[in-house]
Amino acid sequence: WLRHTRGNEIDRAERAFTGLLREEALRYPNVKVIDFYGDPPAKLADAHFYDIQHVNRQGAAIFTDELASRLVAMGIRPGR
């Protein structure tokens with residue numbers, strides 16, 4: 001998935017959609033956007049997907065850890 005989408009129409013559409021989300025979120029001070037498409041977890045690789053959009057069990061663990069780290073960096077303490 002990662003290797004096959006970079007630089008093509010899917011990539012451009014994903015980035016455009018993220019831009020729209022960011023723009024819309026600016027209207028609400030309590031809404032934050034975390035862009036996992038444009039800034040994916042460094043450890044997440046093609047092998048961590050079981051189809052073109054969904055992570056497998058190992059990918060889910062990587063994603064969850066990264067989400068928790070980004071929330072903490074934003075001053076949000078997620079519970080476990």
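All values derive from a computational prediction rather than experimental measurement.
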Could you check Ile34 against Leu71 for side-chain contact (heavy atoms from CB on, under 4.5 Å), going step by step and ending with a plain yes or no? CA-CA 9 Å; Ile34 301 174; Leu71 290 172; 3.9 Å; yes

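Distance check, rounded to the nearest 0.5 Å: CD1 of Ile62 to CG of Asn56 gives 8.0 Å.
Residue Leu26 belongs to no hydrophobic cluster, having no ILVMFWY side-chain heavy atom closer than 4.5 Å to its own.
Among all heavy-atom pairs drawn from Pro41 and Arg70, the shortest one is N-NH2, 3.9 Å. Of all non-hydrogen atoms in His48 and Lys43, the two that sit nearest each other are CE1-O, 3.1 Å.
A search for salt bridge (charged side-chain N to carboxylate O under 4.0 Å, His left out) contacts involving Asp11 returns Arg6, Arg15, not counting sequence neighbours. The side-chain contact (heavy atoms from CB on, under 4.5 Å) check on Arg12 picks up Glu9, with sequence neighbours excluded. Arg27 is linked by a salt bridge (charged side-chain N to carboxylate O under 4.0 Å, His left out) to Glu24, counting only residues two or more places apart in sequence or in another chain. When the side-chain contact (heavy atoms from CB on, under 4.5 Å) test is applied to Ala25, the partners found at least two apart in sequence or on another chain are Val31, Val33.
Note on Leu21 and Tyr28: separate hydrophobic clusters, where clusters join Ile, Leu, Val, Met, Phe, Trp and Tyr whose side-chain heavy atoms are under 4.5 Å apart, directly or indirectly.
Applying the ring pair (Phe, Tyr, Trp, His ring centres under 6.0 Å) test to pairs two or more places apart or on separate chains, those with a residue in residues 50-72 are Phe36-Phe63, Tyr50-His54.
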